[in-house]
Amino acid sequence: MRIAFYAPLKPPDHPVASGDRTMARLLIAALRRAGHEVDVAATLRSRDGAGDSACQQRVRDIGQRLAARYLRGCAAHPERRPDLWFTYHLYYKAPDWLGPRVADALAIPYVVAEASLAGKRSVGPWAIGHAATLAALRRADAVIGLNSADRDSVLPELAAPAIWHDLPPFLDAAPFAAAAADREAQRETLAAHHGIDRAVPWLVAAAMMREGDKLASYRLLAAALRRNLAMAWHLLVIGDGTARDAVEAEFAPCAGRVAWLGRREGPALAAALAASDLMVWPAINEAYGMALLEGQAAGLPVLAGASGGVAGVVADGITGTLVPPGDVAAFAAALAALLAQPERLRALAAATAQIRAEHDIAAAARRLDAILRDVAGGRRG
């Protein structure tokens, strides 16, 4: 099939790395792996983080003009006409102003992957975005749930329950598995470059540094580490952003025990993860956490807060430990327990092989292909 792909929150070619951008790229890669032709139909960012209704109206108008332009392009070049429209990540701050209109005009299926609804947003500053998201979901021929926590709010608004399809979050596990196989070399390189003691446990956190939930997670992590200064550990921090100064200030009491690695992608990211011993992330209001999946793919056990769909990517007691979200004391206690039991860490690390198998792109490609072919054939469920 020829698929028109659109990510209203953040386009796949956006210059700033994030879990959302990563998943957009992975979805495109999985669809192509399944044999489909995928074109990015638009790069308009519809996100309004401030709750500015005038801004939402302007973006709506731009989106509708882009939809009209896209339809004119299809009329002028019938070979570019898609067989299906696929929108990734839909919610009240980032509605889809193009897909439903194009799908209606071309009489093609409209598919959404990852969507959430917040009923309290039906009134107030994001009412426009909420209404558009609700209308898009009611128009959808299939909604693919990457975050299990979204199911209860979205399902009642769909045309039929069978429109909902579960799809575990996924990644291309191969580069991370390759880095894990070369763990000692990765560890030696990082130790030499950053002056890290190879004999102590290495913790790693990987996240953007921005105001809001990410900064709150960094703050909780720093507080938990301060409670464990008597134990041996070193923290590697992967990430950067506008809140970097605030993040560094939180870790000031841990001076000399934190290595700031900055932004890392691709092989550099996989290498840093594989060299570590435990991924630590409070995951405050996290959807599911791509970094948590990447860490496990690199052979790392995970200590995280049990927010949103995190339990869907971290097997509590098997590949990691989950604690109540936002609980500093619980996070600090769980960290102390894991650091005191190196054999427990090794057992959790060994179990991460199941994550690579269950959440790999190959399985996702097969699942996506089956869903889209059913939709294109006029069948649901």
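Side chains included, hydrogens not; waters and symmetry mates left out as well; all remaining heavy atoms used. When a residue number appears, it is its place in the shown sequence, counting from 1.
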- Item | Within residues 16-29 or reaching into it, pairs that qualify as salt bridge (charged side-chain N to carboxylate O under 4.0 Å, His left out) - sequence neighbours excluded | Arg21-Glu265
- Heavy-atom nearest pair, Gly63 first then Leu44, reads CA-CD2, 3.8 Å
- Side-chain heavy atoms of Leu372 within contact of Leu31, under 4.5 Å: yes
- Item | Smallest separation among heavy atoms of Gly309 and Ala149, with atom names | N-CB, 4.2 Å
- Message: I want to check something: taking the side chain as every heavy atom from C-beta on, are Leu278 and Pro301 in contact at a cut-off of under 4.5 Å?
- Response: yes
- Item | Enclosure of Glu358 CD (heavy-atom neighbours >12, cutoff 6.0 Å) | yes
- Query: Are Leu9 and Tyr91 close enough that some pair of their side-chain heavy atoms sits under 4.5 Å apart?
  - Reply: yes
- Query: Which residue pairs pass the salt bridge (charged side-chain N to carboxylate O under 4.0 Å, His left out) test with at least one member in residues 208-228, sequence neighbours excluded?
  - Reply: Lys214-Glu286, Arg219-Glu250
- Task: Go through the structure and list residues passing side chain to side chain donor-acceptor pair (under 3.5 Å) with Trp164, not counting sequence neighbours.
- Result: Asp166
- Pairwise ring-ring contact (aromatic ring centres under 6.0 Å, His included) hits with a residue in residues 32-76, at least two apart: Tyr70-Trp85
- Query: In Å, rounded to the nearest 0.5 Å, how long is the span from CD1 of Ile108 to CZ of Arg2?
  - Reply: 11.0 Å
- Do any N or O atoms from the side chain of Glu114 and from the backbone of Leu146 form a donor-acceptor pair under 3.5 angstrom? no
- For Arg264 and Ala206, indicate whether the former's side chain and the latter's backbone hold a donor-acceptor pair under 3.5 Å. no
- Any donor-acceptor N or O pair under 3.5 Å, side chains Tyr110, Asp96: yes
- Residues Arg80, Asp39; criterion side-chain contact (heavy atoms from CB on, under 4.5 Å); working and verdict: CA-CA 9 Å; Arg80 299 180 188 173; Asp39 296 319; over 6 Å; no
- Residue set satisfying side chain to side chain donor-acceptor pair (under 3.5 Å) with Arg367, at least two apart, ordered chain then number -> none
- Task: Look up atom CG in Asp369 and atom CG in Asp374, then write down how far apart they are to the nearest 0.5 Å.
- Result: 9.5 Å
- May I ask you to test the Leu225-Val280 pair for a side-chain heavy-atom distance under 4.5 Å? no
- Item | Heavy-atom side-chain proximity of Phe86 to Met1 below 4.5 angstrom | no
- Heavy atoms, side chains only, cut-off 4.5 Å: are Pro12 and Ile28 in contact? yes
- Item | Partner residues of Ser18 under the side chain to side chain donor-acceptor pair (under 3.5 Å) criterion, sequence neighbours left out | Lys10
- Does Val313 reach the side chain of Ile355, with side-chain heavy atoms less than 4.5 Å apart? no
- Closest heavy-atom contact between Ala205 and Leu235? N-CD1, 4.1 Å
- Item | Derivation of the side-chain contact (heavy atoms from CB on, under 4.5 Å) call for Met23 and Tyr88 | CA-CA 9 Å; Met23 183 50 70; Tyr88 165 62; 3.3 Å; yes
- In terms of hydrophobic clustering (I, L, V, M, F, W, Y; side-chain heavy atoms under 4.5 Å; direct or indirect links), are Met231 and Trp202 co-clustered? yes
- Criterion side-chain contact (heavy atoms from CB on, under 4.5 Å) on Leu26 and Leu171, from CA distance to verdict: CA-CA 7 Å; Leu26 284 166; Leu171 79 172; 4.2 Å; yes
- Can you tell me how far the NE2 atom of His359 sits from the OG1 atom of Thr352, to the nearest 0.5 Å? 11.5 Å
- Query: Taking atom CZ of Arg263 and atom CE of Met208, what is their separation to the nearest 0.5 Å?
  - Reply: 6.5 Å
For residues 337-349, run the donor-acceptor check on the side chains, cut-off 3.5 Å, and write out each pair with its distance to 0.1 Å, sequence neighbours left out.
residue, atom, partner, partner atom, Å
Gln341, NE2, Ala337, O, 3.0
Arg344, NH2, Gly317, O, 3.1

- Item | His14 side chain vs Val16 backbone, donor-acceptor pair below 3.5 Å | yes
- Query: Does the pair Val111 and Ile3 meet the rule for a side-chain contact (heavy atoms from CB on, under 4.5 Å), with working shown?
  - Reply: CA-CA 10 Å; Val111 175; Ile3 296 172; over 6 Å; no
- Query: Less than 4.0 Å between a side-chain N and a carboxylate O, is that true for Arg198 and Glu184?
  - Reply: yes
- With hydrophobic residues grouped by side-chain heavy-atom distances under 4.5 Å, do Leu117 and Val123 end up in a single group? no
- Could I get the full list of ring-ring contact (aromatic ring centres under 6.0 Å, His included) partners for Tyr92, not counting sequence neighbours? Trp126
- Item | N-O pairing of Arg183 and Asp277 below 4.0 Å | yes
- Item | Flag if over 12 foreign heavy atoms under 6.0 Å of CZ, Arg81 | yes
- Query: Which pairs, with at least one residue in residues 47-63 and sequence neighbours excluded, count as a salt bridge (charged side-chain N to carboxylate O under 4.0 Å, His left out)?
  - Reply: none
- Could you name each residue pair satisfying ring-ring contact (aromatic ring centres under 6.0 Å, His included) that touches residues 227-256, not counting sequence neighbours? Phe251-Trp260
- Task: Identify the two heavy atoms, one from Tyr218 and one from Ala207, that lie closest to each other, and give their separation to 0.1 Å.
- Result: OH-O, 2.7 Å
- Answer yes or no: is there a side-chain heavy-atom contact under 4.5 Å between Ile163 and Asp141? no
- Apply the side chain to side chain contact (heavy atoms under 4.5 Å, CB included) test between Val314 and each candidate in Leu303, Leu292, Leu293; give the one that qualifies. Leu292
- Query: Say you draw a straight line from CG of Leu66 to OH of Tyr6; how long is it, rounded to the nearest 0.5 Å?
  - Reply: 7.5 Å
- Message: Quick check for you: to the nearest 0.5 Å, what is the distance between Thr133 atom OG1 and Glu157 atom CD?
- Response: 11.5 Å
- Quick one: which residue pairs count as a salt bridge (charged side-chain N to carboxylate O under 4.0 Å, His left out) with a foot in residues 100-110, not counting sequence neighbours? Asp104-Arg139
- Which heavy atom in Arg187 sits nearest to a heavy atom in Ala275, and how many Å separate them? NH1-O, 2.7 Å
- Query: Which atom names give the shortest non-hydrogen contact between Ala173 and Asp360, and what distance separates them?
  - Reply: N-OD1, 3.0 Å
- Message: Quick check against the 3.5 Å criterion: does Ser307 have a side-chain atom that pairs as donor or acceptor with the backbone of Ala283?
- Response: yes
Using distance only, find each side-chain donor-acceptor pair of residues 321-335 under 3.5 Å and give its atom names and separation, not counting sequence neighbours.
residue, atom, partner, partner atom, Å
Asp327, OD1, Ala329, N, 3.2
Asp327, OD1, Ala330, N, 2.9

